[in-house]
*Asks:* 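Got a structure here, written out as structure tokens. Questions coming.
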Amino acid sequence: MSKLLQAIRGMNDILPEQSPLWRYFEGAVASLLDGYGYRQIRMPIVEATELFKRSIGEVTDIVEKEMYTFDDRNGDSLTLRPEGTASCVRAVLEHGISNNGQVQKLWYIGPMFRHERPQKGRYRQFHQIGVEVFNLAGPDIDAELIVLTWRLWGLLGIRNAVTLELNSLGTSEARATYRDALVQYLAARSESLDEDSKRRLKSNPLRILDSKVPETQALLIDAPKLADYLDEESRVHFDGLKARLDAAGIPYVINPKLVRGLDYYSKTVFEWLTDQLGAQGTVCAGGRYDGLVEQMGGKPTAGVGFAMGIERLILLLETLQQVPEEISRQVDVYLCALGEAAELAGLKLAERLRDQLPGLRLQVNAGAGNFKSQLKKADKSGALFALVVGEDELAQQVIGFKPLRGQGEQQNIAWSELSQHLAACLQQA
Ligand code: HAM
């Protein structure tokens, strides 16, 4: 026997039992975003490697060690997208849809790829829903993004399990001044730094702030603080955001060490965290990236957005038992037919019901079997009602209508009254 092949480590199948929850979650986010006036954009999964190097930054973990990069048959270097912001900026520029100050409020959904060490909540193929807004520079839109995620947590029943952390990274000028001060402070104490932080001291010193190494954290207690280096514009922007969150009643924590792992951010950055999932507790994260469009060859264009990790939010819904019961039921009605003539009549009746009751989830028995085995399958399908056609029913032009979840006895219903009866019963169920 030949060896069975398996999925790539860290890349998961989403099985039929799991799909209803994914569809419920995706549907909830999509209709929420519709309600706030966001429009969907779909970008390719593969892009030129250069795109991610230039946007995310050459000396980030993602670009240095996590990208799935390969040469295609023409010898061009391509990469499976590790995130969506870079592709979205590329698409917006390529199609000129944010030219001349045009506001764009966009969202996307799909798989992302990072070669990280897989564990609960961290995968090599994972899925994000991301939102990006172009040409709105004020804190009102930063606040809207946070307000709409807060509403989503409410709809999903997970508000009590998430906290919002906020920081401002300032403008790139302010950050450069701060970076110098931080490097000066840490360089004088470099013998106490861990190896990773020593390396980052040269390449990306701000990332040292979120080092997990206790000695490095201790060293940072007296280090210069980014907040003390914020420029006036960023301070006013940040105050504007905080005032709006206060007005909306959304609790938050200022985390001066929140710097994010991608280089394109400026001013606002934020993360929604949960303590319910172990080490991988960030369920949604984002911020402002006012310099990115220009850096990618466009005109100066304000940008802000976030992405949420679908796997992590699904895990959270399951952990908190916030999976609505009705989503696991995939079948309303199961039609059983015995004998060739009854099968043909059943097929016609089923199609007529589908015409009359759009959206009806009706499963017709396939693979024959006696009534007992068909009813067993009907029960297993989760259907609320079984419809039964045999020789007798055929002769009388009726159908046996059998409630499967203890809502009364089986009765015969005339074909002509079936759709009305079924609709009424489903409404009551
Ligand atoms: P990010 O923080 O790299 O930001 O990812 C956003 C979210 O994706 C994370 O908070 C997490 O929920 C999920 N995520 C990331 N990596 C993994 C993984 N390996 N397995 C499972 N889930 C994961 C971005 O990607 C930015 N593009 C967000 C953004 C949009 N900023 C502005 N606009």
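As the structure is a computational prediction, the values presented were derived from the model and not from experiment. We count ligands from 1, going down the list as the structure has it; atoms in each ligand are counted the same way. Below, all heavy atoms of this structure are taken into account, side chains as well, without hydrogens, waters or symmetry copies.
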*Asks:* So, applying salt bridge (Lys or Arg N to Asp or Glu O under 4.0 Å) with D332, which one of R405, R354, R361 is it?
*Replies:* R361

*Asks:* Which donor-acceptor pairs under 3.5 Å do the side chains of residues 133-158 make with protein atoms, sequence neighbours left out?
*Replies:*
residue: N135; atom: ND2; partner: S98; partner atom: O; Å: 2.9
residue: N135; atom: ND2; partner: Q102; partner atom: O; Å: 2.7
residue: D142; atom: OD1; partner: R288; partner atom: NE; Å: 3.2
residue: D142; atom: OD1; partner: R288; partner atom: NH2; Å: 2.6
residue: D142; atom: OD2; partner: H237; partner atom: NE2; Å: 2.8
residue: D142; atom: OD2; partner: T268; partner atom: OG1; Å: 2.6
residue: D142; atom: OD2; partner: R288; partner atom: NE; Å: 3.3
residue: E144; atom: OE2; partner: Y38; partner atom: OH; Å: 2.6
residue: E144; atom: OE2; partner: K105; partner atom: NZ; Å: 3.1
residue: T149; atom: OG1; partner: L145; partner atom: O; Å: 3.2
residue: T149; atom: OG1; partner: I146; partner atom: O; Å: 2.7
residue: T149; atom: OG1; partner: W272; partner atom: NE1; Å: 3.1
residue: R151; atom: NE; partner: Y36; partner atom: OH; Å: 3.2

*Asks:* Applying side chain to side chain contact (heavy atoms under 4.5 Å, CB included), name anything that partners Q125, two or more places apart in sequence or on another chain.
*Replies:* M11, P111, F113, H127

*Asks:* Give the protein residues with at least one non-hydrogen atom closer than 4.0 Å to an atom of ligand 1, ordered by chain and number.
*Replies:* E83, T85, R114, E116, G121, R122, Y123, F126, Q128, E132, R260, L262, Y264, Y265, T282, V283, C284, A285, G286, G287, Y289, G305, F306, A307, G309, R312

*Asks:* How far does CD1 of I208 sit from NZ of K198, to the nearest 0.5 angstrom?
*Replies:* 11.0 Å

*Asks:* Sequence neighbours left out, what passes side chain to side chain contact (heavy atoms under 4.5 Å, CB included) with N74? Give chain and number order.
*Replies:* D72, D76

*Asks:* Would you say E94 has more than 12 foreign heavy atoms packed within less than 6.0 Å of its CD?
*Replies:* yes

